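What follows is a short report on a single structure.
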2 protein chains.
Amino acid sequence: MLTRLFALPSLQPVSNRFGFSMTLKELAQILGLSPTTVSRALNGYPEVSESTRRRVAEAATRHNYHPNVQAKRLATGRAMAIGHVIPISTQHEIVNPVFADFIAGAGEVYARAGYDMIISIVADDDEEQAYRTLRSKGNVDGVIVHGPKRGDPRPALLDELGLPYVVHGRVSDYAAPYAWVDVNNTRAFERGTAFLSDLGHRRIALVNGLESMDFAARRREGYEAALAARGLARDPALMTAGEMTEAQGYDAACAMLSLPDPATAFLTSSLLSAMGVRRAIEERGLALGRDVSVLTHDDELSYMKNGTELPIFTATRSSVREAGRICAQMLLDRIAAGPEAPIATRLLEAVLVVGQSTAPARHLIAS
Amino acid sequence: MLTRLFALPSLQPVSNRFGFSMTLKELAQILGLSPTTVSRALNGYPEVSESTRRRVAEAATRHNYHPNVQAKRLATGRAMAIGHVIPISTQHEIVNPVFADFIAGAGEVYARAGYDMIISIVADDDEEQAYRTLRSKGNVDGVIVHGPKRGDPRPALLDELGLPYVVHGRVSDYAAPYAWVDVNNTRAFERGTAFLSDLGHRRIALVNGLESMDFAARRREGYEAALAARGLARDPALMTAGEMTEAQGYDAACAMLSLPDPATAFLTSSLLSAMGVRRAIEERGLALGRDVSVLTHDDELSYMKNGTELPIFTATRSSVREAGRICAQMLLDRIAAGPEAPIATRLLEAVLVVGQSTAPARHLIAS
DNA sequence: CGCGACATCCAAACCGCTTTGGATTGAGTC
DNA sequence: GACTCAATCCAAAGCGGTTTGGATGTCGCG
C-alpha cells in the first residue's frame, strides 16, 4: 500500500489511492472549478465557454490527467472494450496462425477509437459459457466471432444474449441476418481452379483446410464448381483436407504425385501447405512452375511473405489484417448505431497474383 | 436505448439499464438480504453463516448473476486485467509469429485467475505514451513486456511508473533488478553448436534473428562461445541475421553453400528459416541430414510442428506457450505480493531433440 | 428599468460494487 | 436475570466519473 509520507503544503494533491493518476475532483480543485464543469469541458459539451475549455484542456495535459476508465465505464454503462473469444480446442491444440495478424488490424482500429481489446482464451467446450459471462459481467460492448464452422451455434447465442457481434467469415446455415466480413472464398478458389484449367491442367488437386470450417467448405465448393464448369472429373484422390501445415502439403503432394494419373497442379489453402507441396515436387526432381504448378491462397501474414516484389507462388491474395480492420470498424459502427440499425455485411474479393509457380501443363511420366 | 415496455408485476426485477444482467441489489432484494451480506457471502467473508452463504450462492447461479466488472474494479481499485502492449514497427510490419502462442499460454492462466487480458496495438514510436496512459487510465494491474531489445527503455519506464511487469526475455543492459522469464538462449545455441561440432562439422553457419533483439544477440554469443571453445574460426561469411522467414533461410543457405569453403551445417533461429535452408540444400541435389546438417531452435508453435513423433529437424526446443503461462503466473504473483516483494526470475532450459536433419560431417564438393 | 433569454457554472444523484462501523440477536456464564 | 461475547446481518460511505436539474450572471430589448 502506498503511504503518504508528507503532507505537502501544496494546492495540488499529489497522491490518491491509485497513487499515480489524478482524479477529476483534484483537477477541478486545482482549476477552481466544479467537477461537473471539468467533465463537460473535456467531453466537449456545449455548456462551457471556450476559454475555460481551453484552460481545462491545458491543465489536463499538463498534469497528465486521464479519466479513470473503470469509473467512466460504470457511469456511462459502456465498457469501451471489444471481446475476442479464442477457443483452444481440446483435441488439436492449434492456435489459428492468422489470428495474430487479424487482431493487429483490429487493434489499430480500436486504439484509434479509444477502445480496449480484450482477449479471452477459453477451452472450446466452455465457449458458450464464456459468452454468457462476458455479457453478464458487462466488460465488453461487443465481440468478434472468429473461425466460424458450418452450423456454428454462436450467432444464435449472441443474438439471444443481445450482444453485438461481427463474424469474421460466415455461418452458411444461420438463417437470421447477421453482420459479417468475409473473403469470397468460393470465387477465389473457383478462379484459381479456372486459371489452372486454362493452363491446360486436367489433374488439379485441392489441399484444403479442415472442411468443418466454413471457409474451407466454401473453398471446396468453388473448386468443385470450376471443375464442373470445365467438364473436369472430381476425383476424391486429388482432394484432401486437414490442418494447414507444411507437413500436410508435403504428405498430400507425395501421395498425389504418385498416383497412376498424377496431379499436375495443386491448389492449396495456405502458404505453409504450398511450401510442403513444393518440397514434395522438388524431392522428385521435378521443377515447381515448370513440371508442376502450385496456386495457393495467401492471407498476407506479416511473418509469412509470398516473396517481396515478385510473388513466389501464384496466389489468390487477401489481407487478413485488412479484414481485421474492417471487422473492427463494422462492429464499432454497429455498437454506435444501436441494435435497431440495419445489418452490414462485407464481401472482400481476393486478387489473383501470378507468380513463378504456375505454368502450362506438360505431360509427365509418373515417378 | 433500452426501453422498459411493461412494468412486470413480479417480485424479481427483470430489467435494469444493462438490460441483461442483474445487480447485487436486485439479488439481495430477492433473497430478502442486504447487499452487504450478499456481497460478503459471494466473496467468502467469514461474517456470514454457511446456510445463508449456500442460499446466496444457489440464487446467484440460478439467476446467472455475475458482479458487474466495472463496478467491482472501481470499488476495489484493482483492474483485474493484464496489459500486453504490442508495438507494430513502422518500418518492417512484422507481427511476431510467436505472439499468438504466447498469449494463448498466458490467457489460460489469466482465465483461471479471473483476469482479463487486454492487448494494445500501438505504433512503436508511441509505445512510451501507451504505457503512460495505460497507467494513468488505470485499466491494467500490470503488463507483460514483449520482445525486449538490447538497451530496451521499457523496464526503466515501467519502474518509474510503478506499474508491475514481467519481461518475456531479458534486457541485458538494465542494471536494476527486474522480473523476467527467458529461455537460456545462449546455452541453447552453445549446445547446438557444440553438437554439430561433435559431429565433425567445422563450417557451421548461423542464420539468426535480428540481433537488435536481445534473444538473438544472446544466441550469437552462445554460438561464438562454442566456436571459440572448440578452436573453430568465427567466419562472418557464415553468419547472418534478419527476419526469420523461409526466404531468409533459403537466401542465406544459397550464399553459404556456394562459398569456396561452404557451410556443412546450419544453426537457425526458427523452423521457417530451417525450412528455407532445407530447400536450398535439396535444390543443390544435396540431402538434408546426410550431406548437410541443420539444427534449429523450435518454439513449438502450434501451427508449426517439427514433426509429430519423430522430429524432422534436430532442434533446441522450448515451448513459447509454456513461457506464456509462466510469465503470466509470475506477474499475477507479483501483483498479489505487492511492490516490496522480492523479484522473481526464471531461466528455462531448452531441450535438445535429435531429429533426422543432422549427421556426421562429410567432405563435399562445392557446387 | 424590468424582464426574459441565454450563457455559464454548480450541487447532488447515480452507476454497481466493496467495506467500515455499528446494530441486533442468541447462547453461555456466574 | 444481568452481562459478555460471538455470530450475523445491515446502513451508509466511499470508488471516480457522468448527468440531471437548477442557480447565477449577463445581455438585449421594449
Side-chain angles (χ1 to χ4, degrees), chain A residues 1-2 13 15-56 60 63 65-80 114 135-139 141, chain B residues 1-2 13 15-56 60 63 65-80 114 135-139 141:
Chain A
M1 291 293 105
L2 235 138
S15 169
N16 54 29
R17 70 183 270 226
F18 287 93
F20 282 81
S21 47
M22 76 164 18
T23 70
L24 183 71
K25 207 177 293 183
E26 289 167 0
L27 187 64
Q29 200 178 340
I30 294 174
L31 286 162
L33 289 172
S34 78
T36 311
T37 307
V38 175
S39 170
R40 284 184 158 151
L42 292 173
N43 291 319
Y45 282 74
E47 302 95 329
V48 54
S49 73
E50 258 325 302
S51 64
T52 61
R53 187 191 304 286
R54 260 200 310 279
R55 207 161 66 89
V56 170
H63 293 89
Y65 168 77
H66 293 265
N68 178 289
V69 187
Q70 332 299 353
K72 191 167 198 153
R73 285 171 174 164
L74 181 57
T76 58
R78 287 174 311 153
M80 295 301 286
R135 179 60 171 132
S136 161
K137 294 199 305 178
N139 55 350
D141 295 322
Chain B
M1 291 294 107
L2 235 139
S15 169
N16 54 29
R17 69 184 272 226
F18 286 94
F20 283 81
S21 47
M22 76 164 17
T23 70
L24 183 70
K25 205 178 296 182
E26 289 167 1
L27 187 63
Q29 200 179 339
I30 294 173
L31 286 163
L33 290 171
S34 79
T36 311
T37 307
V38 175
S39 170
R40 285 184 159 151
L42 292 173
N43 290 320
Y45 282 75
E47 302 95 329
V48 54
S49 72
E50 260 321 305
S51 65
T52 61
R53 188 193 302 285
R54 262 200 309 280
R55 207 160 67 87
V56 169
H63 293 88
Y65 168 76
H66 292 264
N68 179 290
V69 189
Q70 333 298 353
K72 190 167 199 156
R73 284 170 174 165
L74 182 56
T76 58
R78 286 175 312 152
M80 295 301 285
R135 179 60 172 131
S136 160
K137 294 198 306 179
N139 53 351
D141 295 321

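If you're wondering where the values come from, they're calculated on a predicted model, not measured in any experiment. Each chain gets a letter, A, B and so on, in the order the sequences are listed, and its residues count up from 1.
- A:Glu50 has its CD atom 13 Å from the P atom of C:dA7, to the nearest Å.
- In this structure, A:Lys25 atom NZ and C:dA11 atom C1' are separated by 12 Å, rounded to whole Å.
- Between the CZ atom of A:Arg55 and the P atom of C:dC9 there is a distance of 9 Å, rounded to whole Å.
- B:Thr76 places a side-chain N or O within 3.5 Å of a backbone atom of B:Lys72 that can act as its donor or acceptor partner.
- C:dC17 atom C1' lies 14 Å from atom NZ of A:Lys137, rounded to whole Å.
- Two residues are said to be in side-chain contact when any heavy atoms from C-beta on lie closer than 4.5 Å; B:Leu31 and B:Arg55 meet this criterion.
- Atom NZ of A:Lys25 has 12 or fewer heavy atoms from other residues, nucleotides or ligands within 6.0 Å.
- Listed by chain and number, the residues in a side-chain hydrogen bond (donor to acceptor under 3.5 Å, both in side chains) with B:Arg40 amount to none (sequence neighbours excluded).
- The shortest heavy-atom contact between A:Leu24 and A:Pro35 is CD2-O, 3.7 Å.
- The closest donor-acceptor contact from the side chain of B:Arg73 to the backbone of B:Asn139 lies at 3.5 Å or more, if one exists at all.
- When the side-chain nitrogen and oxygen atoms of B:Thr52 are compared with OP1 and OP2 of D:dC9, one or more of them lie within a distance under 4.0 Å.
- Side chain of B:Asn68 to backbone of B:Gln70: a donor-acceptor contact under 3.5 angstrom is found.
- Taking all atoms of both residues into account, the shortest heavy-atom contact from B:Tyr65 to B:Thr23 is CE1-C, 3.6 Å.
- In this entry the distance linking CD of B:Glu26 with C1' of C:dC15 reads 13 Å, nearest Å.
- Comparing B:Ala71 and B:Ser34, the nucleotide of DNA chain D nearest to each residue sits closer to the 5' end for B:Ser34.
- Computed from coordinates, the B:Leu33 CG to C:dT18 P distance equals 15 Å when rounded to whole Å.
- For B:Lys72 and C:dG16, the shortest distance from a side-chain N or O to OP1 or OP2 is not below 4.0 Å.
- Near DNA chain D, meaning a heavy atom under 4.0 Å away, the residues from residues 36-49 of chain A are A:Thr36, A:Ser39, A:Arg40, A:Asn43, A:Tyr45.
- When all heavy atoms are compared, the tightest approach of B:Ala28 to B:Ser34 is CB-C, 3.8 Å.
- Annotation: the terminal axes of the helix from C:dC1-D:dG30 to C:dC30-D:dG1 meet at 60°, where each axis is the rotation carrying the C1' atoms of four end pairs onto the next four (5 pairs per end, rounded to 10°).
- Regarding B:Asn139, its CG atom lies at a distance of 15 Å from the P atom of D:dG16, rounded to whole Å.
- Counting to the nearest Å, the P atom of D:dG17 and the NE2 atom of A:His66 are 12 Å from each other.
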